[in-house]
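Report on the structure given below.
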Amino acid sequence: MPPKNLRVHQLAKELGVNSKVIVAKCEAEGVPGITNHMSVVKLGLAATVREWFSGDGADAEHNAVETAAPVDLEKVRKPAKRKAAKKKTEEPVEEAPVAVEEKPVPKKKRPTRKPVEPIVELEAPEAPAEEAPAEVEAAAPAPEAPAEPEAPVEPPKPAGPAGVQNVPDRPDVVKPAGEQLETPKKAKLSGPKVIRVEKPEPDAAPRPRRTGGGPGGGPRGGRDSGGGMGGQVEGISRSRGPVRGGGVRGGGGGGGDEQRGNKRRGMNTRRGRSADALLTGPTQLSKADADELDARLKGSTGYMKQRRRDLRNKGTAATGFQAQTAVQTGGKVEIEEPITIKGLSSATGIKTAQIIKFLFKQGVMATVNSAIGTEAAMEVAMEYDIELEVKELETAEEKVEKQFAEREKVDEQPRPPVVTVLGHVDHGKTSLLDRIRQADVAAHEDGGITQHVGAYRVSVEGNDGAKKTVVFLDTPGHEAFSTMRARGARMTDLVVLVVAADDGVMPTTIEAIAHAKAAEVPIIVALNKIDTPQATDENIRKIYGQLAEHGLNPTDWGGETEIIKTSATEGTGITELLEILDYQAELLELTADYGGPARGTVIEAEMQTGRGSVARVLVQDGQVKVGDFIVSGRAFGRVRDMINDRDQSVADAGPATPLELSGIDLVPDAGDKFFVTDSLKRAEEVALQYRETERQQTLASKTKVTLDNFADAVAAGNIKDLRVVIKADVQGSIETLTSSLEKMGNDEVTVKVLHSAVGGITEGDVLLADASDAIILGFHVTATPAVREIADERKVDIRTYRVIYDLTDDVKKGLEGMLTPDRSEEEVGQAEVKEVFRIGGVGAVAGCLITEGTALKDDVKVRVSRDGVVVTDDRDVESLRRVKDEVKRVQAGTECGVRVANFDDLKSGDVLIFYKVIEVQRTLD
Ligand SMILES: Nc1nc2c(ncn2[C@@H]2O[C@H](COP(=O)(O)OP(=O)(O)OP(=O)(O)O)[C@@H](O)[C@H]2O)c(=O)[nH]1
């Protein structure tokens with residue numbers, strides 16, 4: 001039973017051609033859906049493709065004048081298949097008639113298919129005399145050619161073993177002919193296709209009834225689109241005038257007319273050329289027409305193709321952009337976000353296939369409906385000299401944000417500063433925060449501060465006795481958490497940079513400075529571990545110098561950066577630090593609106609059993625109450641309950657309050673803003689739009705993860721990517737992991753996070769990983785036995801971790817395994833070729849003198865150098881002989897015979913260099 005659907009590459013294999021050639025041919029023929037080697041070729045199309053690529057010259061038969069158009073089988077045929085072709089070539093009889101008869105036939109055999117058959121029968125006998133010898137010569141210039149004509153009659157196989165022995169090369173010589181004789185039915189095809197070739201001829205004569213319809217086009221021109229048509233019509237009128245209706249209909253603005261106008265536009269350029277010829281005088285007309293005909297036929301392979309083109313052109317005309325496409329005129333094009341490939345094509349006139357191809361080359365898999373980023377769209381446009389003006393779409397969220405920004409403040413008051421503590425690992429951030437919490441005067445009154453909200457308020461009694469509140473954002477300190485730190489820095493008013501006096505400024509310290517500076521947040525340095533013996537004046541001076549180097553000039557040195565010497569262990573400097581924070585906050589004149597609906601930012605979010613999605617947020621303005629409608633990124637809902645940083649349930653909360661709230665339908669992302677809205681509908685509207693945008697983005701990236709696309713992507717570029725699906729318990733971990741992993745690669749290898757989400761590993765994750773050859777990384781989550789079973793079945797690798805560095809280390813190792821190993825060579829010996837012996841059945845053998853080191857037979861490669869230039873290298877030593885014995889090694893000063901594997905171009909005086917290849921696995925560091 002024949003396969004239902006073939007892939008292009010299968011068909012290519014079957015036909016012995018390259019897939020690309022089939023794709024190109026299908027594209028040229030306007031066959032939709034054949035875009036790459038994995039495209040599915042339906043049965044009917046497969047038959048057509050076979051016909052195109054069958055080695056019997058079918059294409060050549062199809063029409064007489066089209067021979068230049070479709071496929072040069074000799075070029076496209078894969079070398080490996082040549083032998084197969086040779087077997088069938090001994091039938092010059094059939095090839096010839098086609099070529100000979102082509103031109104005359106079409107004109108006569110126009111009307112129906114039936115008359116064609118007799119023609120073919122008549123053609124066959126005439127052919128061999130003219131074409132066969134030529135074909136044979138072309139393929140086999142050897143003297144055996146005369147033997148060929150007999151070959152077709154007898155199948156080559158019966159020649160038998162004797163023939164093979166005595167005349168081994170003969171069948172090779174008989175290259176050219178094809179399968180025609182064996183498939184005489186193919187000749188039938190020449191009939192109908194010949195007919196259409198003749199079609200243009202009667203049209204060729206120009207009939208200039210009147211000259212063009214003026215620059216504006218035909219009389220019905222005038223509408224915008226008509227103007228465009230008019231331009232085209234003008235071109236037509238120059239060649240043929242409005243006789244063919246161009247001047248009149250082309251100017252029409254109506255849909256149907258427009259279509260026709262566009263169709264003509266396709267002809268316009270060719271006609272335009274012949275028009276010039278036409279204007280040179282009547283005697284040139286027939287030549288011009290002949291040229292035109294040639295041009296037409298060169299670009300055509302037949303009626304169906306033209307028909308398809310016409311239909312396609314009509315299609316594009318219906319959308320109206322064929323008329324004045326920017327791709328033709330260049331210039332500026334406006335487009336609104338979100339941009340889809342279809343939309344970009346409509347706006348610019350660049351074919352969707354071309355856009356997809358362009359993106360594919362950039363490593364982006366996309367379909368017609370995929371949304372693409374503004375930058376990608378601009379790049380595409382630039383490729384076609386189009387200036388793309390992207391109108392940014394104001395999202396529903398932005399609208400809400402704008403409303404908040406513009407709203408009248410109800411109750412504006414000073415608010416506590418929000419402080420983030422940053423610093424290098426182990427410099428004492430946690431210890432310092434612990435100390436600060438201990439200093440909290442409210443701790444004893446209303447319960448201790450918990451850290452689970454990701455932020456907490458500390459109330460400190462100042463020297464003046466007044467109670468000061470500071471909100472601390474609890475962000476982690478390792479490099480891997482830079483994403484969260486960056487977020488934290490954006491949310492905060494002040495940064496406390498912890499620098500250990502015994503360690504000084506470290507890379508993470510510098511990175512933290514950069515984050516704070518980027519967020520334009522003032523930095524206060526806590527020079528911690530001041531109690532340690534290393535905290536000498538000299539070391540402190542050194543650290544001051546390091547800080548100054550990075551733009552934090554200490555106030556002690558006349559600069560602006562406050563440096564507080566602290567000891568988290570002993571509690572030194574804590575009060576001073578808090579006072580400075582309070583003082584700095586005063587300088588910043590921080591205020592918030594304590595009335596009106598609330599807005600804030602998500603610090604962390606997760607799914608909790610029994611509570612559903614919960615978001616830990618920092619309220620930044622206004623009031624949030626239980627029962628409020630709320631939206632945050634993709635999530636929306638009604639606040640069900642709120643817990644503060646002391647684990648207390650609260651009914652409402654104002655600015656600078658960290659909270660954990662539930663009641664939203666999905667888990668938002670850390671860093672998402674949240675807003676209280678006036679209705680659930682409004683909240684839903686904002687969230688749904690967010691989801692839609694997200695969906696569009698996922699759609700674009702999802703097309704990257706099918707098995708088909710993966711194969712294409714790998715084939716397209718040199719980038720090897722380790723694809724991963726990340727599942728974690730909280731959103732923050734996902735972000736951290738994603739950013740760490742994506743940073744890990746280099747030019748050669750990268751990590752691609754295909755999907756990441758909060759929650760356990762599901763069957764869907766396994767299926768995705770399976771389809772995209774990805775691994776699943778679980779952080780603080782597991783997979784159920786059922787899911788594990790599916791993963792085992794599909795051989796999907798699931799790895800779960802409890803420590804982030806274990807995960808990143810593993811991935812790093814995985815990446816390193818994908819790196820091409822470093823290669824080095826160790827020379828073991830050299831030999832000089834004294835004489836070369838050419839031995840029948842063996843090849844060239846070098847008679848050598850080992851001049852240096854040792855010549856080895858095994859585990860070495862050999863390089864041949866001639867006059868200092870490497871002629872070949874990385875060859876194996878096929879044979880190493882000492883006198884007549886095969887040996888493993890030959891020492892310096894000894895003569896020996898060396899046969900370099902598969903290499904006969906040896907000359908006396910050549911130097912053979914024997915070397916060992918050492919491959920060292922590379923690392924990413
Ligand atoms: N002597 C001394 N040791 C300190 C001081 N502050 C912290 N340490 C010690 O330094 C080590 C690291 O302290 P942490 O508070 O965990 O440091 P960290 O910066 O929070 O570390 P990560 O959270 O891993 O980034 C602990 O052993 C602390 O006891 C200090 O002021 N003096």
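Position 1 is the first residue of the sequence, and the numbers go up from there. What you see is a predicted model, and the numbers here were worked out from it, not measured in a lab. All values below come from the heavy atoms of this structure, side chains included, with hydrogens, waters and symmetry mates left out. Remember, it's 1-based here, ligands and their atoms both numbered in the order they're listed.
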Check ligand 1 against [X] and write out every atom of the ligand that is under 4.0 Å from a heavy-atom position of the residue.
X    : value
V425 : 24 (O), 25 (O)
H427 : 17 (O), 19 (O)
T569 : 1 (N), 2 (C), 3 (N), 4 (C), 5 (C), 30 (C), 31 (O), 32 (N)
S431 : 6 (N), 7 (C), 13 (O), 14 (P), 15 (O), 28 (C)

inquiry  = So, using ring-ring contact (aromatic ring centres under 6.0 Å, His included) as the criterion, who are the partners of Y594 when residues are at least two apart?
reply    =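 Expected list: none.
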
Could an N or O of ligand 1 be found under 3.5 Å from any N or O of [X], whether backbone or side chain?
X    : answer
L432 : no
A568 : yes
T532 : no
T430 : yes

inquiry  = With no hydrogens and no angle check, just 3.5 Å: does a side-chain donor-acceptor pair link Q584 and E586?
reply    = no

Is [X] touching ligand 1 with its side chain, its backbone, both, or neither, if touching means heavy atoms under 4.0 Å apart?
X    : result
D531 : side chain
K429 : both
H424 : backbone

query = Rounded to the nearest 0.5 Å, what separation is found between the CG atom of D434 and the CD1 atom of I436?
reply =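 Between D434 CG and I436 CD1, I get 9.5 Å after rounding to 0.5 Å.
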
key: Interatomic distance, T657 atom OG1 to N644 atom CG [nearest 0.5 angstrom]   =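 T657 OG1 to N644 CG: 8.5 Å, rounded to 0.5 Å.
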
inquiry  = Taking the basic N atoms (NZ, or NE/NH1/NH2) and the acidic carboxylate oxygens, is any pair closer than 4.0 Å for D672 and R634?
reply    =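 No.
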
key: Salt bridge R638-D665, side-chain N to carboxylate O under 4.0 Å   =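 Salt bridge absent between R638 and D665.
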
request  = Please list, chain by chain and in numerical order, all residues satisfying salt bridge (charged side-chain N to carboxylate O under 4.0 Å, His left out) with D797, sequence neighbours excluded.
outcome  = R799

inquiry  = Could you check whether any heavy atom of S567 sits closer than 4.0 Å to an atom of ligand 1, since that is the contact criterion I want to use?
reply    = yes

query = Is there side-chain contact between T762 and K727, with at least one heavy-atom pair below 4.5 Å?
reply =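 Sidechains of K727 and T762: in contact.
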
